[in-house]
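One structure is given below, encoded as C-alpha cells.
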Amino acid sequence: MFTLSRILVVAPLLLLAAVAQAHEDTQSVLLTKDNFQSELDGSNYFVMFFAPWCGHCKKLAPTWSKLAESKSLPVKIGRVDCTNDGDICSEQDVTGYPTLKFFKASEDAVKYRGARDLDAFTAFLREQLGLEGEDDDDEESESNSVAEPPKPVSPLVELSDDTFAKHISSGKHFVKFFAPWCGHCNKLAPTWEELARTLEHDTSISISKIDCTQYRPICTDFEVKGYPTLLWIEDGKKIEKYSGSRTHEDLKAYVSKMAGGLSLGEASAEKVDGTEKDNTSIVLQLSEVDFQHAIGKGVTFVKFYAPWCGHCMRLAPTWEQLAEKFVGSDTVKIAKVDCTLEVNKELCGEQEVNGYPVMFIYRNGDKLSEYNGNRSLEDLHDFVTRHLGEHDEL
C-alpha cells in the first residue's frame, strides 16, 4: 500500500525519469562490439561516439534522434557508448566526446567538424553522398557570380578539371577548396578575393579556388574532407594545410611566411638550439627533445600552436593565466609546442595536430582527450581538474 509519504518520494523520481527519457536518443541504432562491423558493412553510417556523463553528448542526443527519425537520406544513424565499448572507440581514434564520423562503404571514415544542427548534418551528408541538387547548385552559382567581380578583371584564379594540374605543376600556390552551399566558404569569399588582389602583382604566388562539388576527384586526391580547406602547394605537391585565422592580415602574413618573408611571432622570443624560449612565459615550452619526458609523469595539458595563428594569439594570455593556476603543482603542467619550428614538425605530426591551436591532455605519458570546448579560463581549468578525476578511460 502506498502511503502519502511514499507517493511524495516516488512521484518526483518518476517525473525525473520521464524527463530524462524524453531527452534520450531513441531513434538511432545502438552499435556495440557484437554488431558494429556487421552494421557498417555495405551501409552508409553516420555515427556518434559518446559517453553518458558527457554534457555535450546529452545536449546533442535529441537532435541526433531527430536526424535518425527523418530518414530523408540513404544513411543509417548510429551511436556507440564508449564507456561500454571502449575498444571500438580506441580503434576509431576517439579522443573526445562526442566524436561524429561518417562511414561510407569501402572508404575511409570522415570526421565531422561542423555545426551540430539538423541543417548542417543534412548538408554534410548530402555532400558525402554526392546528392547536391542541380537546381540548388545553379541557384548558388548564380548568387555567387553576382557577388563576385567580373572574372576577366579578377586576379583570383578559378580552377577546373582541365586547368588544375597544369596550373599547380610549378610555382607556389595558395588554393581554396570549397563548396557553394558552405556558409564558411561564402563568408571567406570576399576576403579570399581581397587576398588575391593584394598579391596580384607578385607573379611568384598564385591565389586560386576550386569547387569540390564539380571537381570531386581532385579534392579527394588532395584529401579534402571539409570546407573550406586552404592548402599551400608548391610544384604540384601539397606542403601543408592552413588552419589559422581567416582575416586578410593573417592570410597575408601566412603567404609572406611560406613565400620566404619574415616569420611572425619571433620578436618576443629567444631561439636556443632551434627552439624558442619565451623568457616572460610561465607556460612550459616543449620540443621534440623533451616532450616525452615532460608528459611522462602526472597530468600535462599541451597547446600545439603556430606564432602567426590569430586564434593562438587570442588564446595566449588565457593559457598563461591557466598556468598560473597550477604554479607549484606536483601533478599538473601547462605546456605549449610551436609546430612551425622544424625541430617540432615530426612531433606535431605524430600527435595528429591538424589545425591551430590544438589542445591535448596527457596523463603519465598517455593521451587522454582533445579539448574542444569554450576557451575561457574557467572552462579550461574545469577540463584539467575533471581529468584528475575518474572519467578518463580514453
Side-chain angles (χ1 to χ4, degrees), residues 141 143-180 182-212 214-215 218-219 221-224 226-267 305-314 338-342 345 354-357:
S141 297
S143 174
N144 286 345
S145 64
V146 171
E148 291 179 0
K151 290 182 180 178
V153 298
S154 173
L156 179 60
V157 181
E158 185 156 7
L159 300 172
S160 69
D161 228 352
D162 298 327
T163 61
F164 184 86
K166 182 178 179 180
H167 181 77
I168 68 161
S169 62
S170 62
K172 299 176 180 179
H173 304 267
F174 202 12
V175 185
K176 177 181 73 169
F177 295 79
F178 74 101
C182 159
H184 291 294
C185 304
N186 293 333
K187 184 178 179 181
L188 176 61
T191 304
W192 200 249
E193 178 77 28
E194 183 184 2
L195 180 67
R197 289 189 176 280
T198 301
L199 301 169
E200 65 179 316
H201 298 299
D202 188 342
T203 57
S204 66
I205 301 167
S206 168
I207 308 299
S208 59
K209 64 179 182 179
I210 184 165
D211 183 348
C212 289
Q214 295 188 53
Y215 310 109
I218 292 175
C219 300
D221 288 344
F222 278 80
E223 300 178 326
V224 174
Y227 306 121
T229 290
L230 311 179
L231 297 183
W232 186 268
I233 299 173
E234 294 185 9
D235 298 331
K237 295 181 180 180
K238 180 175 73 174
I239 302 302
E240 70 177 31
K241 176 182 174 181
Y242 176 77
S243 300
S245 172
R246 294 171 185 165
T247 67
H248 177 255
E249 287 304 313
D250 285 327
L251 290 168
K252 188 171 70 170
Y254 175 76
V255 171
S256 175
K257 169 182 170 290
M258 296 302 290
L262 292 175
S263 176
L264 300 181
E266 294 181 355
Y305 73 101
W308 44 259
C309 158
H311 291 295
C312 304
M313 294 176 189
R314 283 190 287 274
D338 183 349
C339 290
T340 65
L341 298 178
E342 193 65 35
K345 287 189 176 180
N354 55 13
Y356 303 122

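For Ser170 (side chain) and Gly236 (main-chain N/O), no donor-acceptor pair under 3.5 Å exists by modelled atom type.
Using a 4.5 Å cut-off on side-chain heavy atoms (C-beta onward), Arg246 and Thr191 make no contact. Residues Phe222 and Ile168 are in side-chain contact: their nearest non-hydrogen atoms beyond the backbone lie under 4.5 Å apart. Residues Leu156 and Lys209 have side chains in contact (heavy-atom distance under 4.5 Å, counting atoms from C-beta outward). Between Met258 and Ile239, some side-chain heavy-atom pair lies under the 4.5 Å cut-off. When side chains are defined from C-beta on, Lys172 does not count as touching Ser204, because their heavy atoms never get closer than 4.5 Å. By the 4.5 Å heavy-atom criterion applied to side chains, Tyr227 and Cys212 are counted as neighbours. When side chains are defined from C-beta on, Pro155 does not count as touching Ile207, because their heavy atoms never get closer than 4.5 Å. At a threshold of 4.5 Å between non-hydrogen side-chain atoms, the residues Ser245 and Cys309 do not count as touching.
Under the salt bridge (charged side-chain N to carboxylate O under 4.0 Å, His left out) criterion, Lys238 pairs with Glu223, sequence neighbours left out. Not a single side chain to side chain contact (heavy atoms under 4.5 Å, CB included) links Lys187 to another residue, sequence neighbours left out.
Between Tyr242 and Tyr356, the ring centre distance reaches or exceeds 6.0 Å.
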| Please walk me through it: do Glu249 and Tyr254 pass side chain to side chain donor-acceptor pair (under 3.5 Å)? | CA-CA 9 Å; Glu249 287 304 313; Tyr254 175 76; over 6 Å; no
| said: Assess the residue pair Leu188 and Leu251 against the criterion (side-chain contact (heavy atoms from CB on, under 4.5 Å)); give the C-alpha distance rounded to whole Å, side-chain angles, the decisive distance to 0.1 Å, and a yes or no. | reply: CA-CA 11 Å; Leu188 176 61; Leu251 290 168; 4.3 Å; yes
| task | Could you check Glu194 against Arg197 for salt bridge (Lys or Arg N to Asp or Glu O under 4.0 Å), going step by step and ending with a plain yes or no? | result | CA-CA 5 Å; Glu194 183 184 2; Arg197 289 189 176 280; over 6 Å; no
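For NE2 of His311, the number of neighbouring non-hydrogen atoms (other residues, nucleotides, ligands) closer than 6.0 Å is greater than 12.
Counting all heavy atoms, side chain and backbone alike, Pro307 lies closest to Met313 at O-CE, 2.9 Å. The minimum heavy-atom distance linking Lys176 with Pro228 is given by the pair CG-CB, 4.2 Å. Heavy atoms only, all atoms of each residue included: Pro190 and Asn186 are closest at CD-O, 3.5 Å. In this structure, Phe178 and Asp211 approach most closely via the heavy-atom pair CE2-N, 3.4 Å. Here the closest heavy-atom approach between residue Asn354 and residue Ser243 is recorded as O-OG, 3.3 Å. Here the closest heavy-atom approach between residue Ile210 and residue Tyr215 is recorded as CG1-CD1, 3.8 Å.
Between the NZ atom in Lys257 and the CH2 atom in Trp232 there is a gap of 9.5 Å [rounded to 0.5 Å]. Separating the NZ atom in Lys252 from the OG1 atom in Thr198 is a distance of 6.0 Å, to the nearest 0.5 Å.
Between the side chains of His173 and Ser208, no donor-acceptor pair of N or O atoms lies under 3.5 Å. Side-chain contact check for Asp162 and Ser160: no donor-acceptor pair (N or O, by modelled atom type) lies under 3.5 Å.
Applying the side-chain contact (heavy atoms from CB on, under 4.5 Å) test between Phe174 and each of Leu230, Ile233, Leu231, Leu199 identifies Leu230 as the sole match.
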